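Bear in mind the structure is a predicted one, so any value in this text is a computation, not a measurement. Read the numbers this way: they start at 1 and go in the same order the structure lists the ligands and their atoms. Throughout, numbering of the chain's residues begins at 1 and tracks the sequence.
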Amino acid sequence: MSEHPIITSIHSVSASNYSALPIVLSKGKGAWVWDDQGNKYLDFMSAYSAVSHGHCHPRIVQALTKQANKLCVPSRAFHSDNLHIFLGELCTLANLDKAIPMNTGAEAVETAIKAARKWGYEVKGIPENQAEIIVAANNFHGRTSTIISFSTDEVSKKNFGPFMPGFKIIPFGDAKALADAITPNTCAVLFEPIQGEAGIIIPPNGWLTEVSSICKSNNVLFILDEIQSGLGRTGKLFAYMHEDVQPDGLILGKSLGGGVFPVSVFISRNEVMDLFTPGSHGSTFGGNSLAAAVGLEALAVLKGEHLVERSADLGDYLIEKLKNIQSSLIKEVRGRGLWIGIDIDTNQTSGRALCLKLLELGVLTKETHNKTIRIAPPLVITPEEIDWALEKIAIVMQNGKIRKR
Ligand SMILES: *Cc1c(COP(=O)(O)O)cnc(C)c1O
């Protein structure tokens with residue numbers, strides 16, 4: 001089959017930093033997307049959680065267009081009339097004091113790193129330029145040169161050095177390794193509560209509680225990156241709520257933008273946030289009026305449509321049904337809420353091969369590290385839509401004949 005002319009064109013003008021599946025999308029609605037030929041697909045990836053609210057959610061699109069006709073980008077050089085409402089809502093939900101609005105996830109992670117270091121020097125009294133942040137192996141926190149400095153993924157680092165010092169890497173989910181790694185110069189830990197890009201890796205029960213108490217007794221900030229896990233993805237508002245802990249800092253992004261717009265924040269306590277002074281940090285677009293309106297509506301829809309509860313209930317249902325599929329290709333199914341990883345037997349097939357077969361049957365998803373198929377549908381998905389997809393997944397996993405549509 002010859003390549004789609006649009007795909008050929010994309011390859012000729014776009015850097016090849018993604019290996020996209022061979023499909024050209026042109027429309028989305030709820031849990032569904034359409035290609036430019038009019039074929040319909042169920043989105044089982046939700047743009048890595050950015051589209052948790054579903055595609056083109058009418059209320060969010062309406063909030064967007066309404067604000068777009070009023071005021072979009074005033075800049076933080078002036079005050080605007082809706083940022084306080086948006087950030088206030090976030091602080092209440094996270095049980096924290098103040099937020100810094102940014103745009104993309106990586107920027108919010110950078111903000112957290114800067115805040116943690118500043119707190120380390122100005123509050124904890126760490127000697128200048130000695131602050132250390134402890135992170136986990138196989139982490140994913142974004143793509144800036146500082147953030148890739150503490151990645152353990154060779155592809156994302158190769159020939160992008162020199163790298164930023166000041167990070168210590170320990171195994172994910174290992175409380176003892178954390179206790180051992182802390183020094184008087186440790187200002188913070190920075191973890192994903194469940195590792196997303198690594199393959200939906202769930203840490204041992206009680207780990208977050210141990211991390212929290214180790215941080216407390218060593219005067220270290222407990223910071224969580226919930227850019228992908230937050231806002232209902234795991235069946236709780238935030239993934240840390242599966243345990244009885246309260247982080248000192250929380251990073252959000254992706255679904256905070258309601259599937260239409262990049263919106264991110266770093267939220268923390270006054271003790272940390274009050275160290276920022278005019279000029280010490282900023283972003284031209286961060287906290288713009290359009291972003292505040294969209295973010296606020298995204299939070300309202302989350303609540304109004306009970307998306308967190310839906311994620312918990314439908315997630316339990318989907319995980320159980322996936323576990324019931326009899327297939328030698330499946331090694332493990334694990335997940336929390338509507339966030340599921342299916343580990344496959346790479347001796348028999350590849351993640352990409354299975355994703356290509358699923359695509360032919362109308363289910364869109366993407367493998368991670370070739371051995372895990374990621375299942376993360378929009379939280380607005382219905383049980384009937386889940387059943388529809390389960391049928392296709394069962395066909396693919398049971399090596400059934402794939403009929404062309
Ligand atoms: C996607 C992601 C990021 C980076 O967000 P961008 O918006 O792509 O910069 C950071 N951390 C986690 C956990 C993510 O999943």
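Numbered from 1 in the order shown, with element, the atoms of ligand 1 that lie under 4.0 Å from a heavy atom of Ala106 read 4 (C), 5 (O), 6 (P), 9 (O). Residue Phe140 approaches ligand 1 through these ligand atoms, each under 4.0 Å from one of its heavy atoms: 1 (C), 2 (C), 3 (C), 11 (N), 12 (C), 13 (C), 14 (C). Interface of Asp225 with ligand 1, defined as ligand atoms under 4.0 Å from a residue heavy atom, comprises 10 (C), 11 (N), 12 (C), 13 (C). Close contacts of ligand 1 with Glu192, meaning ligand atoms under 4.0 Å from a residue heavy atom, involve 13 (C).
Crowding of Gln246 atom CD: a count of heavy atoms from other residues, nucleotides or ligands under 6.0 Å exceeding 12.
Distances from atom 8 (O) of ligand 1 to the protein include no heavy-atom value under 4.0 Å.
In this structure, Ser156 OG and Glu154 CD are separated by 8.0 Å, a value rounded to the nearest 0.5 Å.
A donor-acceptor pair shorter than 3.5 Å cannot be found between the side chains of Thr186 and Asn218. Glu89 and Thr92 form no side-chain donor-acceptor contact under 3.5 Å, judged by distance and modelled atom types alone.
Ligand 1 has an N or O atom lying under 3.5 Å from an N or O atom of Gly105, backbone or side chain.
Taking all heavy atoms of Gln195, Met102, Lys254, Gln228 into account, the minimum distance to atom 1 (C) of ligand 1 is reached by Lys254.
Without hydrogens or angle criteria, Asp248 side chain to Phe222 main chain gives a donor-acceptor distance under 3.5 Å.
Here Arg143 has no heavy atoms under 4.0 Å from ligand 1, in either its backbone or its side chain. The proximity of Tyr48 to ligand 1, defined as any non-hydrogen pair under 4.0 Å, does not occur for either the backbone or the side chain.
Between Glu210 and Lys176 no salt bridge is recorded (no basic side-chain N to carboxylate O distance below 4.0 Å).
Between His141 and Phe150, the angle of the ring planes lies from 30° to 60°, which puts this pair in the tilted group.
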